[in-house]
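A quick write-up on the structure given underneath.
For reference, positions follow the sequence shown, starting with 1.
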Amino acid sequence: MLLGLIRWSNVYSQNLVENGDFEQALKTPCRFIFDAQKENISDYFTNWTTPTGGTSDPWFYSDTLDLGSSIPSLSCPQNLKQYPLNAHSGRRCAGMYMSANKHRTPNVDPVYREYIQTRLRRPLQKGKIYTAEIWCRRNPYSGTNSNNLGFYFSTDAIRQPISQLGLGLLGVVPQINFSQIIEADNDWIKLSQCFVAKESYEYLTIGNFHSDVATKMVVAPLPNRDERPYYLLDDVAVFETSLQELTNTGFLGKDTTLCPGQSLPLQLPAIDGVVYQWPDGNQSNEFVINQNGAYAVTAKAGVCIVQDTINVTIEQDIHLPADTTLCWGEQLTLQPDQANSGYVWSDGSSGQTLTVTQSGIYSLTIPSRYCRLSDTTRVNIVDCSVFVPNVFTPNGDGKNDTFAIRYNPEVGARWRLVIYNRWGRLIYQTEPYQNNWTAENCPVGLYYYLLSDVTRQQHIKGWVTIIR
């Protein structure tokens with residue numbers, strides 16, 4: 001099973017991030033946070049904190065300050081209205097530096113990172129699929145776009161000592177990382193990915209977990225006063241997806257072998273918001289397999305994807321020659337239409353062929369772990385002799401008026417008759433011959449005949465005398 005990391009639509013359960021929209025505020029800021037030992041984002045937003053010495057900032061949109069303050073809000077540097085722009089939803093959001101490198105060249109400036117951390121409403125369940133999303137946009141003060149906004153989930157809270165070391169990278173690998181350049185210059189954009197919880201994660205930390213060498217930074221298109229990449233963040237969400245029923249490896253079932261004529265009906269759960277895609281373009285949750293091959297199905301919910309493949313093998317049936325009739329003295333060698341490692345004939349022999357000299361029903365079985373592969377041929381050995389008269393009297397007296405041949409009807413012959421006069425001129429031909437030639441308009445005399453059984457390729461030739 002292959003799990004894609006992708007976007008997701010709102011068809012899932014409760015957001016596990018409490019205060020993901022930052023609207024539950026303790027107070028309104030009127031200065032940036034510069035010293036993590038004196039102030040933390042947790043002083044402004046409930047359920048959020050800064051886990052390191054980096055100083056992420058609270059932002060707001062308002063015409064006046066809280067608690068009836070007489071200070072004009074536009075004098076506060078974190079009031080979004082002065083730019084002007086809005087939070088993605090509500091009136092509050094958070095902001096952070098992705099790097100302190102204003103030269104956009106690694107190792108020129110000291111490594112500096114800002115992070116925000118929250119405790120989820122409840123721990124994630126190990127093995128389940130979750131979708132994490134965030135809305136972000138570049139602060140107009142910033143003149144640089146970057147990548148590597150990441151989500152790191154942990155079972156315990158992350159804490160770095162507030163010191164010079166606490167200003168740098170967190171030494172962890174995020175489960176989700178947005179490696180594309182975040183070009184959110186003019187509006188908010190949503191970033192979203194799916195992931196499988198490897199543990200019962202309870203905490204989420206957001207920020208850049210990569211070095212400056214591994215982080216791409218490009219000049220932003222708008223005028224700015226700060227050359228470092230700084231982004232506003234809003235509406236953080238973590239959801240359990242509706243693809244849980246398909247998270248087990250091999251949800252299509254085990255690879256299987258079918259017998260000839262069998263088919264394998266597959267029925268996947270009908271999940272609201274989930275669309276299946278089969279190799280033939282079918283989008284139903286039902287699919288019937290009746291041919292050899294590897295069959296892959298993709299389950300999509302928005303652009304959240306899980307895939308699985310099942311290999312189906314159909315045993316190749318065997319076929320003996322069709323039922324047939326032989327003449328006395330003839331024999332038939334039976335041989336199946338495919339080679340195999342083992343044969344069991346009806347007489348107990350195990351050779352690749354069976355020679356038949358007597359009438360009867362002959363069968364062949366090929367041993368198989370999965371199916372009974374067999375076929376049967378009926379052989380009928382009969383008298384194939386043919387009586388052809390050397391004289392007949394087509395005089396209308398009802399006796400011997402036609403050139404009548406006699407043969408065993410069990411042979412199943414289909415005769416073709418051709419008649420020539422003594423000078424080799426063709427005077428009559430027909431197929432199939434039905435013993436009805438009366439030699440009309442033919443004078444008495446000697447005639448040459450050629451009889452051919454077109455089904456058995458038997459040929460008889462000779463002379464017949466017409467007497468009237």
Side-chain angles (χ1 to χ4, degrees), residues 1-6 9 11 127-129 194 196 241-324 332-354 356 361-379:
M1 181 179 66
L2 176 65
L3 181 66
L5 298 179
I6 27 58
S9 58
V11 292
K128 285 197 171 184
I129 304 176
C194 296
V196 176
T241 75
S242 60
L243 291 177
Q244 302 308 327
E245 295 181 61
L246 304 178
T247 55
N248 294 328
T249 300
F251 60 82
L252 284 179
K254 295 181 179 179
D255 295 344
T256 188
T257 298
L258 302 178
C259 296
Q262 285 185 329
S263 60
L264 177 64
L266 298 176
Q267 184 169 11
L268 299 177
I271 305 173
D272 185 30
V274 174
V275 176
Y276 296 102
Q277 188 76 36
W278 295 94
D280 63 352
N282 179 12
Q283 294 186 341
S284 170
N285 66 317
E286 298 180 353
F287 191 77
V288 177
I289 297 175
N290 51 27
Q291 293 183 354
N292 285 317
Y295 293 83
V297 65
T298 299
K300 290 186 176 182
V303 288
C304 195
I305 299 173
V306 293
Q307 291 180 330
D308 193 28
T309 299
I310 186 173
N311 294 289
V312 176
T313 302
I314 299 180
E315 288 274 72
Q316 186 176 357
D317 208 353
I318 58 172
H319 299 280
L320 292 176
D323 295 349
T324 188
L332 174 67
T333 298
L334 298 177
Q335 183 173 6
D337 60 348
Q338 61 164 300
N340 203 286
S341 58
Y343 298 93
V344 179
W345 292 95
S346 50
D347 66 351
S349 62
S350 58
Q352 294 186 356
T353 61
L354 179 67
V356 175
I361 299 175
Y362 298 87
S363 64
L364 171 64
T365 300
I366 296 179
S368 168
R369 289 179 55 195
Y370 308 99
C371 314
R372 177 179 172 82
L373 304 177
S374 63
D375 195 20
T376 298
T377 293
R378 180 187 294 274
V379 178

Exercise: identify the closest heavy-atom pair between D375 and H319: OD2-CA, 3.3 Å

Test item: side-chain donor near acceptor, E315 and S368, under 3.5 Å: yes

Partners meeting side-chain contact (heavy atoms from CB on, under 4.5 Å) with S350 (sequence neighbours left out): none

Residues that T298 engages under side-chain hydrogen bond (donor to acceptor under 3.5 Å, both in side chains), provided they are two or more places apart: Q307

Going by atom type alone, with no hydrogens or angles, which donor-acceptor pairs under 3.5 Å involve a side-chain atom of residues 260-270 and a protein atom two or more places apart or on another chain?
| from | atom 1 | to | atom 2 | distance (Å) |
| --- | --- | --- | --- | --- |
| Q262 | OE1 | C259 | N | 2.7 |
| Q267 | NE2 | E286 | OE2 | 3.2 |

Residue list, side-chain hydrogen bond (donor to acceptor under 3.5 Å, both in side chains) with N311, at least two apart or on another chain: D255

Set of residues satisfying side-chain contact (heavy atoms from CB on, under 4.5 Å) with respect to Q352, sequence neighbours excluded: Y343

Which atom of Y362 lies closest to which atom of L320, heavy atoms considered: O-CD1, 4.1 Å

Any Y295 side-chain heavy atom under 4.5 Å of L252 side chain: no

Between CD1 on residue I366 and CD on residue Q316, distance to nearest 0.5 Å: 9.0 Å

Distance (rounded to the nearest 0.5 Å) between K254 NZ and T257 OG1: 13.0 Å

Check: L332 and L334 side chains under 4.5 Å, non-hydrogen atoms: yes

Matching residue for T377 among D323, V356, L354, L364 - test: side-chain contact (heavy atoms from CB on, under 4.5 Å): D323

Least distance between heavy atoms, T309 atom then A296 atom: OG1-CB, 3.5 Å

With sequence neighbours excluded, residues passing side-chain hydrogen bond (donor to acceptor under 3.5 Å, both in side chains) with D347: S349

Side-chain donor or acceptor of S374 paired with backbone N/O of T365 under 3.5 Å: no

Heavy-atom check, side chain of L373 versus side chain of D317, under 4.5 Å: yes

Full working for side-chain contact (heavy atoms from CB on, under 4.5 Å) between T313 and T256: CA-CA 6 Å; T313 302; T256 188; over 6 Å; no

Where T353 and T333 come nearest, the two heavy atoms and their spacing: CB-CG2, 3.8 Å

Point-to-point distance, once rounded to the nearest 0.5 Å, from CD1 of I129 to OG1 of T241: 4.5 Å

Any donor-acceptor N/O pair, W278 side chain to Q283 backbone, under 3.5 Å: no

